[in-house]
S.K.: 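My questions will all concern the structure given below.
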Amino acid sequence: MNNRFSLAMERTGQWVFSQEIPTDVIVEVGEANFSLHKFMLVAKSNYIRKVILESKEPDLTRIDLSDIPGGPEIFEKAAKFCYGVNFEITVHNVAALRCAADFLQMTDKYCDGNLVGRTEDFLSQVALTSLSGALVVLKSCEDLLPMADDLGIVQRCVEIASAKACVESNFPSRSPPNWWTEELTILDIAFFERIIASMKSRGAKGLTLASAIITYTERSLRDLVRDHSGNGARSLDSGDSDVRIRQRDILESIVALLPAEKSAFPINFLCCLLRTAIFLRADSRCKNELEKRISGILEHVTVDDLLVLSFTYDGERLFDLESVRKIISGFAEKEKNVAVFNAGDLKEVCSTAMQRVGKTVDAYLGEIATYGELSISKFNGIANLIPKAARKVDDDLYRAIDIYLKAHPNLDEIEREKVCSVMDPLKLSYEARVHASQNKRLPVQIVLHALYYDQLKLRSGSVDDHKTADALSTRNQAQADTTLVKENEALRTELLKMKMYIQDIQKTNHGGGGGGGGGTSSKLSSSKKPTFFSSMSKTLGKLNPFKHGSKDTSNIDDGMPDLTKPRRRRFSIS
């Protein structure tokens with residue numbers, strides 16, 4: 001106590017005008033003590049005058065002013081003012097001096113030219129004449145609440161700063177033109193919200209507000225929004241939970257400030273915000289708002305933007321892909337509603353924007369397919385969100401499927417067929433079909449479809465087109481002909497068995513000697529063989545897969561073929 005007292009005496013002794021008159025009161029402000037004279041203080045402070053008059057002690061020697069705004073440093077300046085000692089009023093301390101003067105009741109009512117009037121003059125004539133000055137004063141008010149707000153200092157700063165920001169956005173006075181957005185970044189999020197709201201009420205454009213919000217976000221959430229290396233995110237472990245909570249509050253406040261114009265923000269900025277919201281576990285309203293905004297302008301999305309949403313900051317594992325699914329689903333639903341509103345059918349759902357998004361999604365699937373934690377259901381779920389008509393060719397989707405099968409070699413045949421079910425083999429280009437026909441990772445059924453499509457094209461002599469109707473009819477024809485091929489294979493096997501049986505009978509007859517027995521055997525065999533070939537020929541004629549391009553086989557003679565003539569092989573199934 002003695003040390004603090006001596007330090008305070010040394011501190012105040014430098015400016016107390018007379019050392020001949022001993023001090024008669026000690027003013028305590030926190031841990032600091034000021035030895036002063038009562039008559040100098042009560043001359044300008046009505047608060048100290050009332051404390052002394054209302055004191056029960058006959059000779060009050062100590063006054064506690066620990067609640068004064070600004071603390072010991074500001075009280076020292078107020079005391080200097082009472083003693084008539086010069087000191088500097090700046091944009092950094094004028095708000096605190098104004099609050100301290102009001103606390104000490106240093107108004108012109110008790111003394112002309114008192115501290116309240118002096119600080120008010122400085123505010124109106126100096127501090128609040130420029131954007132930078134208003135923002136510095138507003139920043140200093142963060143530690144003076146609620147008194148600074150009650151005195152109207154905060155509102156005055158907000159009004160002047162927002163008005164000058166609107167002017168600077170339209171008629172910049174210095175370079176770069178958006179210098180004023182950097183000035184706003186010194187503020188706390190609560191004051192920043194008030195300035196943005198004031199700019200909105202003044203009719204500021206959405207792009208102007210977006211510019212300020214983007215700059216503020218990149219400064220206040222620098223490690224999360226701008227640093228994609230993950231180094232900044234590693235500092236947000238469980239030990240820094242208070243930092244994470246504060247950043248979550250900032251993010252949710254920023255999202256609530258976003259203007260209604262959907263094109264005001266670039267999509268990559270919105271994707272970074274959504275990833276930050278996922279990482280910080282922001283509330284569902286915040287994430288839903290960001291997903292809705294991204295979905296509204298998804299035609300401008302790139303693969304990198306979707307990858308930003310999909311991976312953690314270190315890039316080593318996948319986030320939950322639910323947000324990506326919601327965004328793509330919302331865009332597809334919007335496109336479908338637009339087509340229905342325009343009295344279009346389902347084929348017209350495939351707009352140019354939808355085709356662009358489909359191509360981007362297929363490329364995105366190819367990027368995430370290498371990760372082992374990506375399940376078949378999630379892979380297929382995202383792929384199926386794109387309407388079939390949006391893909392003119394399925395080459396990009398085939399590439400993603402091939403990468404997925406290569407990265408997941410332990411899938412069985414059924415699982416591989418499930419992965420390939422999202423792709424239409426008949427919508428592959430010629431080069432992709434050639435690759436698929438040699439791809440051992442694909443299920444056999446997919447390979448057969450690709451090969452059979454080429455065979456049908458060659459047989460018909462038509463050029464390779466990718467219209468949906470042709471692909472559908474070709475697919476149906478392929479399925480029907482596949483069934484016929486299986487039945488023909490079974491019949492050919494039976495035919496070969498019967499042929500071998502007949503040859504054995506003929507050998508036995510030729511080797512058994514002539515006479516009546518031979519004639520009888522020959523007649524018997526001749527009466528049975530034509531019946532078999534006749535029925536077999538008719539059956540094969542009905543099942544002939546090339547019946548549209550071959551002659552009718554139903555008029556072949558049912559009699560015993562002449563064994564002395566060469567066999568006619570033109571209509572042989574083999």
Side-chain angles (χ1 to χ4, degrees), residues 131-132 134-136 138-139 142 154 157-172 174 176-228 232 244-280 282-283 285-298 300-301 305 308-309 323 327:
L131 175 62
S132 299
L135 292 176
V136 172
L138 186 58
K139 174 68 176 177
E142 293 176 2
V154 172
C157 293
V158 167
E159 292 294 333
I160 292 174
S162 61
K164 293 187 177 297
C166 289
V167 173
E168 285 293 331
S169 64
N170 295 320
F171 310 101
R174 68 173 80 166
N178 64 338
W179 67 271
W180 60 274
T181 63
E182 294 287 344
E183 298 287 323
L184 295 178
T185 59
I186 68 172
L187 299 176
D188 185 77
I189 184 62
F191 288 160
F192 179 75
E193 285 179 313
R194 294 179 67 166
I195 287 189
I196 294 297
S198 180
M199 292 179 68
K200 285 182 180 179
S201 65
R202 293 177 180 273
K205 298 178 181 178
L207 291 176
T208 300
L209 300 176
S211 177
I213 292 173
I214 290 173
T215 304
Y216 186 87
T217 304
E218 291 178 345
R219 283 293 188 90
S220 58
L221 300 175
R222 183 191 305 270
D223 294 341
L224 297 174
V225 176
R226 301 185 67 178
D227 183 11
H228 294 168
R244 179 178 294 190
I245 292 173
R246 184 176 183 279
Q247 289 184 328
R248 184 189 306 139
D249 294 339
I250 292 175
L251 175 66
E252 292 174 354
S253 299
I254 288 173
V255 172
L257 287 176
L258 301 182
E261 293 84 349
K262 68 176 184 178
S263 60
F265 294 91
I267 194 169
N268 60 338
F269 173 74
L270 295 176
C271 290
C272 288
L273 280 185
L274 181 54
R275 178 175 69 164
T276 304
I278 296 172
F279 178 76
L280 294 177
D283 61 26
R285 289 179 299 176
C286 176
K287 291 190 288 187
N288 291 340
E289 175 64 21
L290 291 171
E291 290 167 358
K292 181 180 178 181
R293 287 178 175 270
I294 296 173
S295 179
I297 55 174
L298 193 61
H300 304 295
V301 78
D305 295 333
V308 164
L309 294 176
S323 290
I327 291 170

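For reference, positions follow the sequence shown, starting with 1.
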S.K.: How close do K287 and A277 get, heavy atom to heavy atom, and via which atoms?
M.R.: CG-CB, 3.9 Å
S.K.: Within this structure, what is the CZ-CG distance for the pair R246 and L280, rounded to the nearest 0.5 Å?
M.R.: 12.5 Å
S.K.: For the atom pair OG (S220) and CG (L187), what is the distance rounded to the nearest 0.5 Å?
M.R.: 11.0 Å
S.K.: What pair of heavy atoms forms the shortest contact from D188 to E142, and how long is it?
M.R.: N-OE2, 2.9 Å
S.K.: Less than 4.5 Å apart, any side-chain heavy atom of N288 and any of K292?
M.R.: no
S.K.: Apply the test salt bridge (Lys or Arg N to Asp or Glu O under 4.0 Å) to residues E252 and R285: give CA-CA distance (whole Å), side-chain angles for both, the deciding distance (0.1 Å), then the verdict.
M.R.: CA-CA 9 Å; E252 292 174 354; R285 289 179 299 176; over 6 Å; no
S.K.: Can you check whether C272's main-chain N or O pairs, donor with acceptor, with T276's side chain at less than 3.5 Å?
M.R.: yes
S.K.: S211 side chain to T208 main-chain N or O, any donor-acceptor pair under 3.5 Å?
M.R.: no
S.K.: Can you tell if the side chain of I214 reaches within under 4.5 Å of the side chain of T181, non-hydrogen atoms only?
M.R.: no
S.K.: How long is the straight-line distance from CZ of F269 back to CG of D305, given to the nearest 0.5 Å?
M.R.: 13.0 Å
S.K.: Picking from V308, V301, I297, what satisfies side-chain contact (heavy atoms from CB on, under 4.5 Å) with L270?
M.R.: I297
S.K.: If you compare all heavy atoms of A264 against all heavy atoms of G206, which two are closest, and at what distance to 0.1 Å?
M.R.: CB-O, 4.0 Å
S.K.: Under the side chain to side chain contact (heavy atoms under 4.5 Å, CB included) criterion, do L274 and I327 qualify, and how do the steps go?
M.R.: CA-CA 11 Å; L274 181 54; I327 291 170; 3.8 Å; yes
S.K.: Quick check: do T215 and T185 have side-chain heavy atoms less than 4.5 Å from each other?
M.R.: yes
S.K.: Considering only NZ, NE, NH1 and NH2 on the basic side and carboxylate oxygens on the acidic side, decide whether E159 and R202 come within less than 4.0 Å.
M.R.: yes
S.K.: If you count the non-hydrogen atoms of other residues, nucleotides and ligands that lie under 6.0 Å from NZ in K200, is the total more than 12?
M.R.: yes
S.K.: Could you tell me whether the side chain of R293 and the main chain of F265 form a donor-acceptor pair under 3.5 Å?
M.R.: no
S.K.: Could you tell me if the side chain of W179 sits less than 4.5 Å from the side chain of L131, heavy atoms only?
M.R.: yes
S.K.: To check you understand the geometry: which heavy-atom pair defines the closest contact between G296 and K262, and what is its length?
M.R.: O-NZ, 3.9 Å
S.K.: CG/L224 to OG1/T217 distance, rounded to the nearest 0.5 angstrom?
M.R.: 11.0 Å
S.K.: What are the two closest non-hydrogen atoms of E183 and S132, and how far apart are they?
M.R.: OE1-OG, 3.3 Å
S.K.: How about R244 and F279: do any of their side-chain heavy atoms sit closer than 4.5 Å?
M.R.: yes
S.K.: Locate the shortest heavy-atom distance separating V158 from R194; write the atom from each residue and the value.
M.R.: CG1-O, 3.7 Å
S.K.: Would you say the side-chain atoms of Y216 pair up with the backbone N or O of I254, donor to acceptor, closer than 3.5 Å?
M.R.: no
S.K.: Less than 4.5 Å apart, any side-chain heavy atom of S323 and any of L309?
M.R.: no
S.K.: Evaluate the criterion side chain to side chain contact (heavy atoms under 4.5 Å, CB included) for residue pair F192 and I250; output intermediate values, then yes/no.
M.R.: CA-CA 11 Å; F192 179 75; I250 292 175; over 6 Å; no
S.K.: Give, for atom CG of L257 and atom CD1 of I195, the distance between the pair rounded to the nearest 0.5 Å.
M.R.: 11.5 Å
S.K.: State the CG-SG distance between L251 and C286, to the nearest 0.5 angstrom.
M.R.: 4.5 Å
S.K.: Inspect the contact between K164 and E168 and indicate whether a charged nitrogen and a carboxylate oxygen are less than 4.0 angstrom apart.
M.R.: no
